[in-house]
Amino acid sequence: MVEEENIRVVRCGGSELNFRRAVFSADSKYIFCVSGDFVKVYSTVTEECVHILHGHRNLVTGIQLNPNNHLQLYSCSLDGTIKLWDYIDGILIKTFIVGCKLHALFTLAQAEDSVFVIVNKEKPDIFQLVSVKLSKSSSQEVEAKELSFVLDYINQSPKCIAFGNEGVYVAAVREFYLSVYFFKKKTTSRFTLSSSRNKKHAKNNFTCVACHPTEDCIASGHMDGKIRLWRNFYDDKKYTYTCLHWHHDMVMDLAFSVTGTSLLSGGRESVLVEWRDATEKNKEFLPRLGATIEHISVSPAGDLFCTSHSDNKIIIIHRNLEASAVIQGLVKDRSIFTGLMIDPRTKALVLNGKPGHLQFYSLQNDKQLYNLDIIQQEYINDYGLIQIELTKAAFGCFGNWLATVEQRQEKETELELQMKLWMYNKKTQGFILNTKINMPHEDCITALCFCNAEKSEQPTLVTASKDGYFKVWILTDDSDIYKKAVGWTCDFVGSYHKYQATNCCFSEDGSLLAVSFEEIVTIWDSVTWELKCTFCQRAGKIRHLCFGRLTCSKYLLGATENGILCCWNLLSCALEWNAKLNVRVMEPDPNSENIAAISQSSVGSDLFVFKPSEPRPLYIQKGISREEVQWGVFVPRDVPESFTSEAYQWLNRSQFYFLTKSQSLLTFSTKSPEEKLTPTSKQLLAEESLPTTPFYFILGKHRQQQDEKLNETLENELVQLPLTENIPAISELLHTPAHVLPSAAFLCSMFVNSLLLSKETKSAKEIPEDVDMEEEKESEDSDEENDFTEKVQDTSNTGLGEDIIHQLSKSEEKELRKFRKIDYSWIAAL
Amino acid sequence: MAAGGGGSCDPLAPAGVPCAFSPHSQAYFALASTDGHLRVWETANNRLHQEYVPSAHLSGTCTCLAWAPARLQAKESPQRKKRKSEAVGTSNQTDLLALGTAVGSILLYSTVKGELHSKLISGGHDNRVNCIQWHQDSGCLYSCSDDKHIVEWNVQTCKVKCKWKGDNSSVSSLCISPDGKMLLSAGRTIKLWVLETKEIYRHFTGHATPVSSLMFTTIRPPNESQPFDGITGLYFLSGAVHDRLLNVWQVRSENKEKSAVMSFTVTDEPVYIDLTLSENKEEPVKLAVVCRDGQVHLFEHILNGYCKKPLTSNCTIQIATPGKGKKSTPKPIPILAAGFCSDKMSLLLVYGSWFQPTIERVALNSREPHMCLVRDISNCWAPKVETAITKVRTPVMNSEAKVLVPGIPGHHAAIKPAPPQTEQVESKRKSGGNEVSIEERLGAMDIDTHKKGKEDLQTNSFPVLLTQGLESNDFEMLNKVLQTRNVNLIKKTVLRMPLHTIIPLLQELTKRLQGHPNSAVLMVQWLKCVLTVHASYLSTLPDLVPQLGTLYQLMESRVKTFQKLSHLHGKLILLITQVTASEKTKGATSPGQKAKLVYEEESSEEESDDEIADKDSEDNWNEDEESESEKDEDVEEEDEDAEGKDEENGEDRDTASEKELNGDSDLDPENESEEE
């Protein structure tokens with residue numbers, strides 16, 4: 001029994017990932033991206049989301065690693081705050097309140113206590129780059145109002161700002177000029193492209209900029225596809241630039257590799273270009289990335305790149321230009337024509353995906369399953385090309401059949417239309433094209449539906465078209481002496497007074513077919529294809545049509561464009577009731593009599609759930625979304641819920657999902673709102689993920705010895721182990737996250753002392769000769785500890801444990817240090 | 001069968017590789033193969049999610065694995081556990097996987113981060129780990145080993161909480177009771193331990209061989225008369241190496257009963273067992289047992305007391321390759337694992353080879369006692385990295401698919417005359433025609449061979465050839481005639497065609513028109529000729545509409561672009577031909593009805609006889625006929641024009657047929673001109 005709370009609208013379908021450049025962690029294990037009000041932390045290896053950092057109240061607009069502590073992350077948001085996160089544990093460390101809307105964030109290792117943000121001051125269009133001083137006070141919320149102005153009149157996009165050559169200068173581009181601000185001289189140089197004034201059509205507006213990490217070199221991308229490399233820009237007169245030209249369309253983003261030896265660029269061509277040594281000849285390509293490259297970023301370690309694409313994905317690419325992982329949300333590039341469907345076989349949500357594809361999205365795991373290539377033509381991503389669009393799709397007969405309609409219309413009269421019927425082949429577990437129909441209708445197909453009655457002996461499909469006809473297609477036996485085959489043929493063509501057919505729908509048992517012709521609904525007998533009756537309310541064109549189900553199967557519902565919802569009784573052939581409701585989406589629940597209708601008003605969208613037999617709705621929720629809702633679907637639950645309260649019963653057997661105009665997929669949940677994760681609950685996870693450090697080995701070995709002793713004496717008895725956690729110093733050492741710890745030198749004496757107190761003193765023994773007592777720098781130790789965990793495994797042990805303890809008891813700090821610096825492999829095989 | 005791990009030569013090691021579905025929604029399937037690799041597959045789309053090679057995978061291969069219950073820390077805040085698909089999609093993830101190795105260490109692998117999480121070594125086992133079980137709530141892990149011990153681990157600190165000797169021989173299997181307070185262990189005997197005190201609560205006799213699997217099958221006792229103490233009255237199941245019987249035991253309140261209450265029989269040693277827990281008395285326990293021979297046995301049984309006889313399975317599932325042709329016989333595909341989906345009505349099957357298994361969701365149909373699924377896994381052998389990253393699946397588009405273009409039968413509804421009787425007639429005719437055609441074909445073959453010589457002697461007796469070709473359906477013969485380009489020759493041939501062959505000829509032409517456009521160009525000539533010459537004959541036929549409906553649709557669709565223009569063009573052509581024909585026939589004598597007979601005879605036997613004269617007379621007769629018909633036609637046409645042309649779904653059959661003709665003759669010339 002689930003505790004019942006208010007029904008809330010919750011987001012699913014992995015929201016937008018491509019808003020800003022993704023950022024890698026220092027060790028390239030994680031990648032961060034902004035996603036609405038959240039920052040998401042993904043693993044670069046498994047593509048899984050490790051953490052979601054929530055705390056911002058508005059769109060997050062920028063993220064950067066803390067240059068002083070690479071285990072921390074800064075984020076800024078339109079809500080006027082900069083937040084500092086511990087991303088490994090997903091904890092908010094600090095909030096800096098700036099006050100004004102922040103549009104982008106930059107950090108610089110040289111500017112230790114300040115970050116740079118883009119703000120807009122007075123006018124809505126004018127943006128400034130300012131530096132914000134972050135105070136070091138220890139409180140959770142800090143005011144950071146100390147803004148110092150750097151650059152004015154800049155572009156809002158963070159792609160148009162770059163810091164170069166270890167923070168000596170900052171470059172900003174806007175329209176036709178590049179401005180460079182030198183921090184030391186505090187001067188700004190401005191370079192304008194000359195050709196922009198001469199030729200009208202030379203589209204060399206700046207689009208993005210990147211700076212070489214070590215040299216004085218600025219790369220800028222332009223609208224016409226050129227990349228310019230600016231050098232010697234200290235001098236206003238003698239500056240030079242060279243051109244690199246491969247892109248035929250706008251350069252969307254540029255990035256230098258960590259060492260600066262190569263430059264990466266990408267654009268609409270969906271090809272990542274790597275320019276080696278900044279020369280035109282040496283370039284490498286990674287083609288067919290699927291969609292426009294919007295952002296490129298490079299990991300600080302230099303081993304990975306990543307590209308963010310317009311279809312809501314992030315591709316992680318190896319240094320050798322091989323894609324290694326894809327983080328994919330719901331594909332959002334293009335408009336959704338097919339609506340939302342459920343594949344009966346995989347229970348996945350199906351809708352338009354990549355161009356020419358259907359995407360299958362698993363709602364249970366909130367993950368894309370795959371894209372099914374329906375059109376199977378090379379997609380040329382270019383502006384102004386009219387593409388073949390996948391406009392309709394429907395599943396039939398328990399997922400055994402898939403019908404798809406694709407169309408391309410360049411001019412009014414030049415319609416290309418094709419319908420494909422795919423059969424699911426169980427042997428190969430995939431779809432196989434069964435019948436391809438060219439121009440099934442003279443005009444666009446407006447509706448497509450299968451007869452999904454359980455008893456129907458013959459699969460039946462109905463298409464309705466603007467040409468005034470609806471066609472009934474049936475599966476027939478096409479066997480001849482050469483092969484056994486089945487194929488679809490047209491069985492019946494119906495029309496009604498030359499009106500455009502706008503909707504079609506089968507009754508639950510498949511005995512009746514309803515087809516709406518503009519304002520008129522016609523009912524046909526599906527056996528003889530006779531026109532049984534017509535309903536006409538003269539209330540505007542029918543927009544949605546559906547039969548009632550189960551006990552309400554005698555009702556037919558129609559929603560019109562004039563905002564009337566009508567319910568007809570099929571037995572009496574009369575209007576049962578109507579209601580004034582501007583219905584945008586009307587979906588019947590396959591598991592119950594319920595029908596969900598979403599109406600659109602000026603303030604937002606409202607949801608109504610009702611039974612056709614009852615005039616009173618079961619459930620009303622106002623304001624489910626500010627935007628227009630375009631599609632909706634009921635998804636049957638695997639395991640039914642058991643809500644008892646009347647208002648929630650409609651959610652028992654199915655879940656309702658809907659898609660808004662901006663293509664965010666939303667659903668209703670009765671579960672309690674997402675609790676703010678308190679640091680303590682997260683801390684537990686941190687403890688759990690404690691790696692086996694050399695410290696652990698020392699303690700573990702010691703404990704093991706004690707275990708052995710005890711085991712010898714009491715074999716069958718229960719053994720309670722002495723708890724080393726009791727010693728506060730050790731537990732503190734082991735249980736605090738590594739990046740919060742003070743330096744090892746400071747800790748060492750404390751650690752040794754704590755051990756001293758807990759043990760009784762024993763006589764010292766010598767340090768074994770085979771220990772390599774090489775002196776190393778103190779600072780290297782901490783790193784070594786981190787990397788240690790997995791390496792140690794199979795080396796032999798010389799039984800040093802005992803010696804160590806005795807040696808510790810001698811409490812010579814220097815000796816302990818020596819010991820800590822030796823090769824750890826000897827501790828291993830415990 | 002190599003067992004997973006170092007003890008592969010051990011005859012008493014369990015068969016099969018260690019594998020498990022992730023809990024709850026079965027989103028992942030983890031499989032530790034004998035080469036030491038751990039692979040995690042996504043069950044929904046059969047994609048390799050990640051692969052991990054432990055650093056000591058050769059010395060310490062994985063012997064058992066277990067998924068952690070959904071997010072350990074979830075228990076700290078009870079509300080969080082229930083969240084399912086909130087804005088944050090990760091909360092329900094199960095990310096820890098415990099791997100036991102042949103050397104006694106236990107690895108915790110994080111599937112979210114794709115890296116080793118921690119390693120449980122110290123104070124643990126010093127021999128092969130046989131089984132790992134996570135405790136549902138407490139965040140503890142239990143493991144048993146060949147070193148005779150059972151160890152309780154605290155996962156948060158990665159330390160041993162408790163270690164005790166579980167048996168006098170190696171402990172092979174563990175299971176935690178549904179309430180989390182008891183632990184079953186199987187060594188030489190099956191023991192039930194109280195977890196708090198680590199004392200033995202019950203003994204059961206067990207199996208002769210090492211127990212490979214232990215599982216509680218119920219969470220409530222069958223009779224609820226006594227107050228339920230969490231364990232009494234529960235049933236559990238055990239399977240053992242080399243044992244074809246799965247035993248079911250009941251935990252009783254009195255300590256006497258030590259033998260099994262009932263047993264299930266399967267065909268081979270059980271490799272993987274999954275079951276659905278029954279929540280009430282009426283609901284049967286569903287059990288899926290994967291055997292070493294690659295079959296799955298499904299049992300559905302309400303556990304209720306003793307049963308002497310071993311129960312056999314309700315349903316058996318096997319998978320085999322399709323045997324293509326006669327050469328390759330179907331081969332069985334081994335099933336590696338099977339797990340019930342959360343709706344309890346379908347089963348996830350994992351089959352194929354362990355390095356590239358296929359995962360499929362199969363709906364269960366309890367009525368059938370035997371299910372054999374035919375699956376083609378030949379294309380699964382090469383794992384495709386490309387598709388793994390782009391996630392694009394390409395459905396098969398091959399030439400076997402049927403293609404419907406406008407004009408082809410099937411693209412538009414067939415024109416049916418008055419529904420009931422004619423359909424029967426049609427079907428009769430069809431079936432009859434088919435049957436005869438085979439005989440005829442055989443017969444005609446003989447005739448062909450007979451006549452080959454003769455034909456060569458004659459020069460271009462096209463009508464005869466065509467007639468014979470149409471009767472015998474001889475492709476070559478038809479080709480020879482129909483592929484001519486000479487317009488005059490076509491005209492003459494058509495004129496001399498016997499009337500009864502006109503309809504078959506038209507049908508043959510229709511068929512060819514639907515084919516390649518190059519041949520269609522030639523056919524247009526023929527069609528035009530036939531229709532102008534034989535319009536009158538066609539108009540007399542009662543069942544013209546169903547017979548030539550496809551032709552009509554074809555032409556309709558082909559000339560759609562300039563419909564009006566082609567209508568006009570057709571009409572003009574008709575007029576012109578009519579005028580010229582009437583001029584020609586002036587003064588010529590009409591041969592009368594007798595000529596028809598002559599024609600028939602000629603076609604059957606005398607051919608060499610006085611050809612030229614014959615031809616002439618035929619010509620005349622026919623042309624005469626034609627002109628007459630055209631006059632008729634014209635009159636009718638005018639009438640129709642008055643009626644209005646666009647009326648399409650004609651109810652009246654007569655007018656429909658007339659229209660048909662009109663359309664034909666009208667549109668045809670345009671068709672030709674277009675193609676030229």
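Below, read A as the first sequence line, B as the second, and so on, with proteins coming before strands; counting in each chain starts at 1.
One finds the CG atom of Asp343(B) at 14.0 Å from the CZ atom of Arg637(A) (value rounded to the nearest 0.5 Å). Here Gln364(A) contributes atom CD and Cys341(B) contributes atom SG; the two are 10.0 Å apart, rounded to the nearest 0.5 Å. Note that the CG atom of Asn425(A) and the CZ atom of Arg375(B) stand 8.5 Å from one another [nearest 0.5 Å]. Put simply, CD on Gln50(B) and CD on Glu47(A) are 9.0 Å apart, with the number rounded to the nearest 0.5 Å. Atom OG1 of Thr394(B) and atom CD of Gln376(A) lie 6.0 Å apart (nearest 0.5 Å). Atom NZ of residue Lys113(B) and atom CD1 of residue Ile88(A) lie 7.5 Å apart, to the nearest 0.5 angstrom.
The pair Asp478(A)-Lys402(B) meets the salt-bridge criterion, with a side-chain N (NZ, NE, NH1 or NH2) lying under 4.0 Å from an Asp/Glu carboxylate O. Salt-bridge check for Glu360(B) with Lys427(A): failed, with every basic side-chain N at 4.0 Å or more from each acidic carboxylate O.
Among the candidates Met419(A), Glu442(A), Lys347(A), the residue making the largest number of heavy-atom pairs closer than 4.5 Å to chain B is Glu442(A). Contact count versus chain B (heavy atoms, under 4.5 Å) is highest, among Ala348(A), Gly430(A), Pro440(A), Gly353(A), for Pro440(A). With chain B as partner, the option from His357(A), Lys420(A), Gln429(A), Gln368(A) having the largest number of non-hydrogen pairs under 4.5 angstrom is Gln429(A). Among the candidates Leu369(A), Ile432(A), Thr489(A), Thr346(A), the residue making the largest number of heavy-atom pairs closer than 4.5 Å to chain B is Leu369(A).
By the salt bridge (Lys or Arg N to Asp or Glu O under 4.0 Å) test, Lys367(A) is found to be paired with Glu48(A), Glu42(B), residues two or more places apart in sequence or in another chain being considered. Here Ser43(A) pairs with Thr46(A) under the side-chain hydrogen bond (donor to acceptor under 3.5 Å, both in side chains) rule; sequence neighbours left out.
Counting only distance, with no hydrogens or angles, the side chain of Lys436(A) and the backbone of Leu404(B) share no donor-acceptor pair below 3.5 Å. With hydrogens and angles disregarded, no donor-acceptor distance shorter than 3.5 Å links the side chain of Glu400(B) to the backbone of Asn434(A). The main-chain N or O of Met439(A) is found under 3.5 Å from a side-chain atom of His411(B) such that the two form a donor-acceptor pair.
Val45(A) and Gly114(B) get closest at one heavy-atom pair: CG1-O, 4.3 Å. Heavy-atom minimum distance, Asp373(A) versus Pro395(B): O-CD, 3.0 Å.
Side chains of Lys29(A) and Glu115(B) form a contact here, defined as non-hydrogen atoms less than 4.5 Å apart. Taking the side chain as every heavy atom from C-beta outward, Trp422(A) and Met397(B) approach each other to under 4.5 Å.
Residue contact with chain B, scored on non-hydrogen atoms closer than 4.5 Å, involves the backbone of Trp488(A) exclusively. Looking at Tyr30(A), the atoms closer than 4.5 Å to chain B (heavy atoms on both sides) all sit in the side chain, from C-beta outward. In this structure, chain B has a heavy atom under 4.5 Å from the side chain of Lys471(A), while its backbone stays farther away. Neither the backbone nor the side chain of Lys313(A) comes within contact range of chain B; no heavy atom of the residue lies under 4.5 Å from a heavy atom of that chain. With a 4.5 angstrom heavy-atom cutoff, His412(B) touches chain A via backbone and side-chain atoms both.
Counting heavy-atom neighbours within 6.0 Å of Lys344(B) NZ, excluding the residue itself, gives a total above 12.
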